[in-house]
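The analysis underlying the following values was restricted to heavy atoms, covering all of them including side chains, and did not include hydrogens, waters or symmetry mates.
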Amino acid sequence: MLPSDYEAALDLWQRTPGLGLSEADSAANIDQFLSRNKGLSFVAAAGQELIGTCLCGHDGRRGFLYHLTVHPRYRRQGIGRALAERCLAQLKAAGIAKCHLFVLADNRQGMDFWDRIGFQERADICIYSCNIGL
């Protein structure tokens, strides 16, 4: 994924139920994320149309996947799995042995996808967030 993919990616994200967006998903913030995590995030295209995305990064210990989505017309064709696998391969090449992701509690379709491709839901941890403001 390149910064030039942002507008098409944002359009897809905005049209994907269950995918949460915030100010952290601004063009400037995504550009910064991609710069810090070069070669880890990917898009899928059908001709000139962007049809899938997966943002990927790491903190030096753990990898994180965000905004994996595929346009509804192209789902169930292995595109989402391929995007996830490509990101995981890049994390492995960077020496990262574990990857986490977040799914909104009401996103059953997302949970089912991650279950299907071999991720396990963690019941032993809780996520806490804090807005520190910038």
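For Ile96 against Arg62, the heavy-atom pair with the smallest separation is CG2-C, 3.7 Å. Across all their heavy atoms, Leu68 and Ala84 have their closest contact at CD1-N, 3.8 Å. Minimum heavy-atom separation, Gly20 to Leu104: N-CD1, 3.8 Å. Counting all heavy atoms, side chain and backbone alike, Gln90 lies closest to Gly39 at NE2-O, 3.3 Å. Between Tyr6 and Asp25, the shortest heavy-atom distance links the atoms OH-O, 2.6 Å.
Using a 4.0 Å cut-off between charged side-chain N and carboxylate O, Arg61 and Asp59 make no salt bridge. Ion pair Lys92/Glu85 not flagged as a salt bridge, since none of the NZ, NE, NH1 or NH2 atoms sits closer than 4.0 Å to an Asp/Glu carboxylate oxygen. Ion pairing between Arg116 and Asp112 fails under the 4.0 Å rule for side-chain N and carboxylate O.
For the pair Leu55 and Trp13, the minimum side-chain heavy-atom distance is below 4.5 Å. A heavy-atom distance below 4.5 Å is found between the side chains of Arg75 and Thr69. No side-chain heavy atom of Thr53 sits under 4.5 Å from any side-chain heavy atom of Leu83.
A parallel orientation is assigned to the rings of Phe64 and Tyr66, their planes being inclined by less than 30° (bins at 30° and 60°).
Side-chain N or O atoms of Asn37 include one that pairs as donor or acceptor with a backbone N or O of Phe33 at under 3.5 Å. Under a 3.5 Å cut-off, the side chain of Thr16 and the backbone N or O of Leu19 do not form any donor-acceptor pair.
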